[in-house]
Structures are given as C-alpha cells and as structure tokens.
Amino acid sequence: MGTPYNFRETEPKWQGIWEEKGSFLANDDAPKKCYILEMLPYPSGRLHMGHVRNYALGDVVARYKRAMGYNVLHPFGWDAFGLPAENAAIKNKMHPAVWTHQNIASMKAQIKSLGISYDWTREIATCDPSYYKHQQKIFLDFLKHDLAYRKEGVVNWDPVEQTVLANEQVIDGKGWRSGATVTRKRLSQWFLKITDFSEDLLASLEGLKRWPDKVRTMQEKWIGKSVGAHVDFPIEGRSEKIRVFTTRPDTLFGASFCVLAPDHPFSKELSESNPALKKFILECQALGTSQKAIDTAEKAGVFTGLKVRCPFEPDRLIPLYVANYVLMDYGTGAIYGCPAHDQRDYEFAKKYDLLIIPVLSLPNGSLPDISKEPYEGEGYLINSGFLDGLTVHEAKKSAIQKLEELHLGSPVTQFRLKDWGVSRQRYWGCPIPIIYCDFCGVVPVPEKDLPVVLPEDVSFDKPGNPLEHHPTWKQVDCPSCGKLARRETDTLDTFFDSSWYFLRYCSPKAKTPFDKEVTESWMPVDQYIGGVEHAVLHLLYSRFFMRALKKCGYLNLKEPFEGLLTQGMVCHETYKDSEGNLLYPEDIIFKQGKAFTTKGSPVTVGPSEKMSKSKNNIVDPDAIIQEYGVDTARLFILSDSPPERDFDWSEAGLHGAWRYVNRLWSLAQDVAEFLPKKPERLSEKAQEVEKLTHKTILAVSQNIERYHFNKAIAHIRELSNFLEGLVPDQKSDASLLWALRWSFEILVQLIAPITPHLAEEIWHSIFKKTGLVVDAPWPEGDKELAQDSLMVLAVQVNGKLRGTLEVSKGMEEEEIKSLAFELETVKLALVDKNIKKVIVVPERIINIVAV
RNA sequence: GCCCGCUUGGUGGAACAGGUAGACACGACGGACUUAAAAUCCGUUGGCUUUGCGGCCUUGCCGGUUCGAGUCCGGCAGCGGGCACCA
C-alpha cells in the first residue's frame with residue numbers, strides 16, 4: 001500500500017505546468033500539421049456534460065496526434081452573439097454584453113479545470129468588435145461579388161409585441177410571451193446566394209470520405225436536387241398561363257386540378273376581386289413560418305373560379321385553387337394535382353371532392369387500389385394517351401419531349417435548397433454594414449469606417465429591435481453624398497459568425513479576416529467534433545462560406561472539414577417521488593440497486609433522457625470534478641459508449657472509473673522497481689507480458705485512430721488486469737520484474753490522452769522520469785512480437801457450434817478436418833447423418849454440413 | 001407531415017469484409033478482511049433445463065437469402081435528431 005492518489009493537488013499542478021511550458025501552443029511554421037476542432041460553444045454560463053464529452057473527445061485526438069509527432073492546432077472560442085443574451089437582458093435587466101462576458105469568464109474557468117490541450121492564445125469571441133469587424137468586411141465582399149442581395153422574406157410577427165419572433169418563440173402558433181396569434185409578415189431582408197453553389201455543394205459530398213454517411217445523406221436530401229419539368233397550363237378565357245414545376249410530368253393525364261401558393265402574385269391579383277380568396281390568404285398568414293407548421297396544418301384551399309387547360313388534352317378543363325400546402329419558395333409556387341399518385345394531392349382531392357384518375361398500373365399490370373390511399377410506386381402508364389404502356393422513367397422523358405414540341409413546357413433541374421436569409425431584427429448580433437440613403441440608395445459602409453459597432457446605451461423596455469428605436473445610432477451621413485441617411489438596423493444571423501471562425505483561429509491577430517498563406521497551411525480542419533444537431537445547417541453554411549470566400553479571392557480551398565465526428569447526447573435517468581414530482585439526481589441514494597430519497601422514501605426511476613433543466617436530470621460537471629477529479633470524469637465519459645451514440649451518465653459508472661484510476665495508481669507503485677536493461681532471456685510469463693503489451697499498443701492506436709475510445713480503454717484494462725495478476729510472481733522472476741515495469745510505462749502513455757494528469761503524476765512522482773508524458777513520443781507496437789502461434793477454431797455441424805480446436809497457425813486444411821471429426825461432440829452430432837460437405841474458412845471456422 | 005438515424009443480458013456496450021454472440025465495464029449475488037460498516041480483494045452471473053457431462057432458446061417484431069445472419073434484403077413497431085429566426 002502506497003500513498004493514495006490526490007487529484008485535488010495533482011490536477012491543477014499539471015495544468016499549471018503545461019501552461020507554463022506552453023505545451024499546447026501551435027506553431028505556424030513547423031511541418032506535419034494537424035487541426036483538431038470542437039464546435040464553438042454558446043456561452044450559456046454553465047458548462048454541461050455535453051460540453052465535457054465534446055472536449056474530452058477532441059482532447060484525446062489532439063493529445064494522441066501530438067504524441068504521434070504532429071504539430072497540432074487545437075483552439076477555443078465563443079459563439080457569443082444570440083437570442084439568450086437578449087432574453088436575459090429583458091428578464092434580469094442586464095446588458096447582453098455584460099451577461100455574455102460574465103458567462104464567458106465563468107465557463108472559461110470551468111473549461112480550464114478540464115485540462116484540455118487548448119492553445120488559449122488563439123481564443124476568440126464572436127461578439128468582440130475585433131472579430132466582427134472582419135465579418136463585416138466579408139459581408140461587403142460578398143455584396144461586391146453578387147453573393148449577397150436584398151429581397152422580401154417572411155418572418156413570424158407578434159402583433160401585440162410588435163416584434164419578430166424566432167421559430168422557437170412561436171408555440172402552437174402563438175407568441176411565447178404575448179400569447180397572441182402570430183402572423184406572417186413580409187420584410188425586405190438580406191440573403192446570401194448559397195443556391196449558386198447547390199450543384200457543387202451536392203457533388204462534393206462524395207469527396208468527404210471521413211464524414212459519417214448519415215450526415216452526407218442528410219445534406220444531400222436537404223439540397224434536394226430533383227430533375228423535372230416546368231409545365232404551362234393555359235388559363236381558360238385569359239391570355240396568361242400558370243407555370244408549375246413537377247417531378248412527375250409522366251402523370252399529367254392524371255391531373256385533376258392546379259394549385260397556387262397563397263403568396264403567389266397571381267393569387268394576390270385574383271384576391272382583389274374575390275373576397276373569399278382574400279380572406280383565405282389572410283388566414284394562411286396566420287400559420288407560422290416553420291415547415292412543420294405548414295406540413296401538419298390541415299390541407300385547405302379556395303377555388304378561384306378559374307379553369308385551366310390540360311396541356312396534352314386541350315379540351316379538358318380543370319379547376320384552379322389557392323391552397324396552404326403549396327409553397328412560394330419552392331419551384332414556381334404552383335403545382336398541378338395528380339391525386340391518384342401523390343399523398344398530399346390525394347388528401348386535397350378527397351376534401352374538395354375532386355376527380356381521382358389513376359394513370360399508373362402496378363408492375364404486374366393490375367390496377368392499384370386507390371380507394372383509401374394513393375399509389376406512389378412504380379408501374380406502367382394507363383389512361384394516358386401516347387404514354388400508355390411506358391414505364392415511369394420512359395414516360396417522364398416522353399412527356400417532356402412532347403411538352404417542348406407544344407411549347408408548353410421544358411425540362412428543368414430544381415433544388416430544394418433556398419438562399420440563406422441572414423437578416424435578424426435583433427440587437428445582440430453583428431451589425432450589417434449598410435447605409436440607406438434617399439438619394440443614393442443602398443450604400444455599403446466604407447472599409448475605413450469598420451467596424452460598425454453596436455451602441456451600448458440601449459433599452460429593452462420597449463418591444464422590437466433596440467437598434468431600431470435607439471435615438472441616434474441609425475442616423476448617419478451618407479458616405480456617398482454626405483446627406484443624412486439611415487443605418488441598416490438588422491444584424492446578422494449567428495450562423496454567419498460560426499461559418500468562418502475556424503479560419504480566424506489560424507491567424508487570430510491578422511489585420512485582415514485571416515492570413516491567406518497561414519490559413520491555407522492549417523486548413524482544412526483535420527478533425528471536427530460536435531453534435532449531430534448541426535448536421536445540416538451549420539455544416540452546410542460553413543461549406544458554402546468556403547466557396548464564397550474562394551470566389552472573393554480569400555483562399556483556395558473548398559471544404560472546411562475533412563474529418564467529422566458527430567457525438568451523441570448525454571442522458572441521465574429521471575427520478576420521481578411517490579407523488580410523481582421530479583427529483584434531482586443529487587437527492588437520490590441507491591441501496592441494493594433500488595433508489596431512495598435522502599429521507600428514505602422510495603423513488604421511481606424513469607427512462608434515461610437528454611439532460612435538461614425541465615427534466616431535472618442535469619449533473620453539474622463542477623460538482624463531479626470536485627468529488628472525483630476530472631480524469632475520472634473523462635475516463636468514464638470516454639469508456640462507456642462509442643462517441644456517436646447517446647451517453648448514459650450514471651453515478652455507478654462514474655464510481656467504476658474512479659476505482660480504476662486508483663487501481664492504476666496503486667499498480668504503478670507495485671511495479672515501480674526498475675531494471676535498467678532488458679534481460680537477455682525472458683521467462684515465459686515475461687514473454688507473455690511483452691506479447692500482450694505489443695498487442696495492446698496496436699489495438700489502442702488503431703481504436704483511437706477510429707474514434708473507438710471505449711474499445712481503446714477496454715484493451716488498456718485488459719492489459720492492466722493481466723499485469724495486476726502477475727504482481728505477486730515478480731519477486732522470483734527478474735525478467736518479469738523488468739517486463740512489468742516496461743509494460744506499465746507503456747500503459748501509462750497509452751492512457752495519457754484520456755487521463756493526462758494521472759499519467760503525468762505516475763511518470764513524475766513514481767517513475768521519477770525527468771520529461772513530461774505530453775512530450776514523449778507514442779509507443780510503437782511490433783506486429784511480429786504481437787503474433788500468436790496458436791489459434792482457436794470453431795467447429796460447427798449444420799451451422800451450430802459443437803466444439804473448438806486449438807491448432808498452430810498454418811496447419812494444413814486436411815489435418816484440421818480430421819482433427820475436427822475426432823471431437824467427441826462432433827461425432828455425437830453426426831450420428832445417423834451423411835456428410836454432404838465440409839466448409840473450412842481459414843483461421844476462423846469449420847462447418848460440417850450433414851443430413 | 002417530410003428527411004436522417006438508432007434498437008444486442010438487469011444496465012452501458014463488444015463482435016474489424018457474413019464465420020465461436022455477450023470482450024471490457026456497471027449492477028446483483030456469494031465469500032475474504034473488519035468488533036461492525038465503508039473501502040478494498042477473490043469468485044459467480046443471458047434465459048430455461050439437467051444431479052455433473054450436457055441440451056434447448058436468445059441480438060425490437062415478422063418474413064427472406066445463405067452451409068452459416070447481430071451483420072445482407074423486404075415489411076412492421078418503438079425511440080431519438082433535423083426541418084431553414086434556438087445554437
């Protein structure tokens with residue numbers, strides 16, 4: 001028994017030494033670069049376990065790469081603009097800047113106690129004018145290169161508060177504070193032309209080999225390329241035509257109505273003389289702007305009184321509707337309905353009693369049953385004139401060809417992706433550097449006047465945008481004519497801030513947004529780590545930014561993130577007392593596997609759910625670090641689940657990690673006795689130690705490379721279990737004494753990226769090493785020495801395991817077969833059976849097939 | 001509603017390219033140490049069955065491909081993420 005491990009002293013000590021020595025500073029000039037990055041956090045004020053998980057994952061990779069000889073860039077910063085700061089301002093009467101800076105200070109202290117290998121000299125905060133100054137420059141360059149433009153966009157409008165609401169502030173169609181029914185309002189706003197890059201953003205996904213497939217699929221679906229056609233439906237009795245977009249020109253003979261979006265210009269025109277339609281359009285505006293609200297609303301529409309002519313059947317007239325399920329943003333803002341073969345059209349047709357004409361047979365030629373639901377599968381065209389008998393694919397081609405001949409349509413490729421609206425009617429964001437002049441129009445703020453800084457003296461007493469009702473801020477002289485003009489009072493979407501921060505880290509002190517040469521040498525990010533919830537928006541916007549910046553001449557790269565790891569959520573059980581009230585985890589005691597309150601009454605343990613305030617199941621990282629130390633928390637959070645899955649936090653699991661930390665500490669003392677040179681001869685046990693050690697090095701390295709940290713830890717535990725078992729034997733075996741010490745030293749290096757403080761402390765105070773583990777090169781595994789000479793083969797009869805064989809590597813197949821047949825259990829299973837064949841899979845299995 | 005995932009013992013998970021399901025842990029149970037408890041250490045632990053040996057069943061559910069399926073294919077169910085102004 002040696003001295004117990006004192007993490008309270010040890011952890012801050014090593015954090016201080018690493019900082020003092022500058023162990024984690026990145027070097028712009030050194031070769032072999034590696035950029036490891038965790039997603040920029042929002043400074044909410046309190047660190048949560050999701051952060052701890054994220055940073056622990058990144059730290060293992062960063063420390064491992066450093067030990068592998070890489071020059072690692074591992075920076076940190078804050079996504080410091082955003083809505084919560086304004087909410088806090090209203091609630092607590094605290095200025096957003098003060099609130100944000102306080103949060104950053106307290107979170108920074110918490111993060112420092114995690115011992116993550118960050119280069120803090122590169123820290124940024126997006127709310128800092130020295131950051132957003134460059135962002136404003138980028139915006140102006142986007143404007144110059146036709147990547148930013150103004151158009152009308154739709155926002156959620158709270159008519160009582162006279163304020164624009166975010167989607168999350170709209171609950172069941174009502175404003176979260178006022179409770180008033182939210183309406184849609186059109187405002188002139190700034191947009192970025194992400195759609196200029198639709199094709200490239202889609203095609204380049206294929207090259208992102210180190211991204212999870214599911215993220216690539218999600219982006220692919222989001223961009224949503226579809227090949228279809230524009231089709232014109234002439235309006236009966238008028239000269240205009242309704243142009244629709246469709247992906248199914250093959251089903252045109254099944255058309256039974258056409259639908260315009262409520263926002264369609266023609267809908268508006270017709271509504272002037274149609275009060276019912278006008279009323280309906282107003283009702284549609286009561287729907288929020290979210291896709292979910294639109295999709296789940298009951299399909300409803302109004303007949304315009306007009307009929308349109310089917311392109312292929314000039315004599316057939318179908319009604320023209322305006323309906324809530326057609327979007328102005330997508331395609332042409334108009335569709336034709338083929339209810340027999342489309343779910344949404346089907347629902348609409350049923351509701352308004354419109355014709356449902358089947359135009360597709362099943363692949364076997366029979367008619368689909370469309371009495372209850374539409375048929376959306378493959379088949380052959382029917383009831384379709386010149387298309388009859390064709391497959392869907394053939395009919396699409398043929399229909400488009402005919403439309404072109406008739407001058408009533410043309411093939412067209414459509415993307416679901418929309419341009420990115422970046423204007424926000426809020427205070428706590430980056431000001432858009434634009435001035436509106438009655439004489440000169442839209443005038444960019446001259447570069448010499450950047451940054452346009454947020455005014456500090458704002459009030460949140462009035463609803464709406466504080467910049468808008470600030471007494472003087474928006475008044476400015478026009479840079480062009482000098483007359484009095486107005487500043488843009490909208491600020492930028494915070495996704496704008498986080499779409500280029502990873503570039504700023506490369507040269508955080510640059511006078512320009514970033515230094516081209518240095519940035520190109522660090523970029524792309526080798527490994528990006530963050531939550532799956534960012535799979536589409538943040539990651540897609542960042543990919544767009546790289547392309548847009550390239551177009552503006554900033555750099556010559558297209559993809560920001562070469563490797564991507566998306567981590568799962570951190571969950572925890574929920575607890576309720578006998579009355580069903582939620583309880584906090586710290587008020588629960590476990591006895592014999594059952595849960596009780598501290599007062600002894602029984603507790604119902606609910607399912608594990610994402611840690612959140614509303615579920616009362618948050619575990620505070622600070623408290624855990626106080627009680628167990630950060631290495632224990634890191635070990636537990638890395639060992640229990642693979643990173644991409646949800647993680648279940650449990651006090652018991654944490655305790656297991658704590659025990660292991662202490663076992664390693666005491667094992668270190670048991671094997672500390674030193675033999676300076678490897679003995680000439682190794683005993684059998686010493687050879688086993690050597691072999692398992694090499695196996696472990698290889699397995700741990702491979703598992704870290706693949707981000708299977710839980711498996712890496714399992715291998716480390718296997719090795720330490722083995723070493724522990726041999727400790728009593730070492731006194732009588734000098735070569736084993738050497739082997740145990742040698743092996744354990746390697747084990748300490750292998751676990752160092754996971755529990756870095758423990759590793760340094762063993763290295764220094766038990767092994768009396770002079771250098772630091774962080775400066776030691778990663779151990780090298782020898783494949784030869786890790787080889788087994790014997791192996792175990794499974795023997796099956798008809799696919800069922802009947803026994804095993806231990807054979808030496810390279811034994812002849814015939815010999816293996818005959819050994820297999822000699823197994824008693826095999827003989828028994830083969831009684832009264834004829835052998836049909838024997839399958840031998842080298843080094844794996846023998847399967848005897850018999851009947 | 002639309003898009004994308006996930007589902008293996010009491011629990012978290014392992015099984016690399018279809019080849020011995022349950023590595024490594026947690027919990028539980030039994031034992032050692034202790035006046036006792038905690039801590040620590042040792043052993044057992046998927047289920048059913050048999051006095052041992054063994055046998056049968058088992059990867060959310062139903063079906064298929066294969067000598068062989070947790071892994072591949074089709075269908076279903078449950079849970080979760082995203083849906084463009086939360087970040």
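All values below were derived from every heavy atom in this structure, side-chain atoms included, with hydrogens, water molecules and symmetry-related copies excluded. Only a predicted model underlies this, so the values are computations on that prediction, with no experimental measurement involved. Here is the naming used below: chain letters follow the sequence lines, and residue numbers restart at 1 for every chain.
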Checking all strands, does F647(A) fall into the base, sugar-phosphate, or nothing category for heavy-atom contacts under 4.0 angstrom? nothing
P spacing across the pair rU11(B) / rG27(B), given as an integer number of angstrom: 15 Å
Knowing that exactly one of D490(A), D493(A), T491(A) qualifies, which makes a side chain to side chain donor-acceptor pair (under 3.5 Å) with R424(A)? D493(A)
How many Å lie between CD on E651(A) and C1' on rU11(B), as a whole number? 14 Å
Of W222(A) and T494(A), the one whose nearest nucleotide on RNA chain B sits closer to the 5' end is W222(A)
Answer with base, sugar-phosphate or nothing: what part of the nucleic acid does D646(A) contact at a heavy-atom distance below 4.0 Å? sugar-phosphate
Using whole Å, what does the distance between atom P of nucleotide rA87(B) and atom CG of L540(A) come to? 17 Å
Mind checking S641(A) for me? I need base, sugar-phosphate or nothing, with any heavy atom below 4.0 Å counting as a touch. sugar-phosphate
Would you mind classifying the nucleic acid contact of V155(A) as base, sugar-phosphate or nothing, using non-hydrogen atoms under 4.0 angstrom? base
Hey, does R663(A) reach any base, or is it just sugar-phosphate, or nothing, if we go heavy atoms under 4.0 Å? sugar-phosphate
Do Y55(A) and F76(A) have ring centroids that are under 6.0 Å from one another? yes
When rounded to whole Å, the CG to P distance for the pair D213(A) and rC6(B) reads 10 Å
Look for any protein N or O under 3.5 Å of an N or O in nucleotides 18-22 of chain B and output each such pair with its distance, or none.
from    : atom 1 : to      : atom 2 : distance (Å)
rG19(B) : N2     : N847(A) : ND2    : 3.4

With heavy atoms under 4.0 Å as the rule, sort Q702(A) into base, sugar-phosphate or nothing. nothing
Using a cut-off of 4.0 Å on non-hydrogen atoms, how would the nucleic acid contact of H534(A) be classed: base, sugar-phosphate, or nothing? base
Polar atoms only, N or O, under 3.5 Å: list the protein pairs with nucleotides 7-9 of chain B and their distances.
from   : atom 1 : to      : atom 2 : distance (Å)
rU7(B) : OP1    : R645(A) : NH2    : 3.0

Looking at every strand, decide which applies to E843(A) at a 4.0 Å heavy-atom threshold: base, sugar-phosphate, or nothing. nothing
Heavy-atom nearest nucleotide on RNA chain B for T825(A) versus R706(A): which residue maps closer to 5'? R706(A)
Base, sugar-phosphate or nothing for R659(A)? Non-hydrogen atoms, less than 4.0 Å. sugar-phosphate
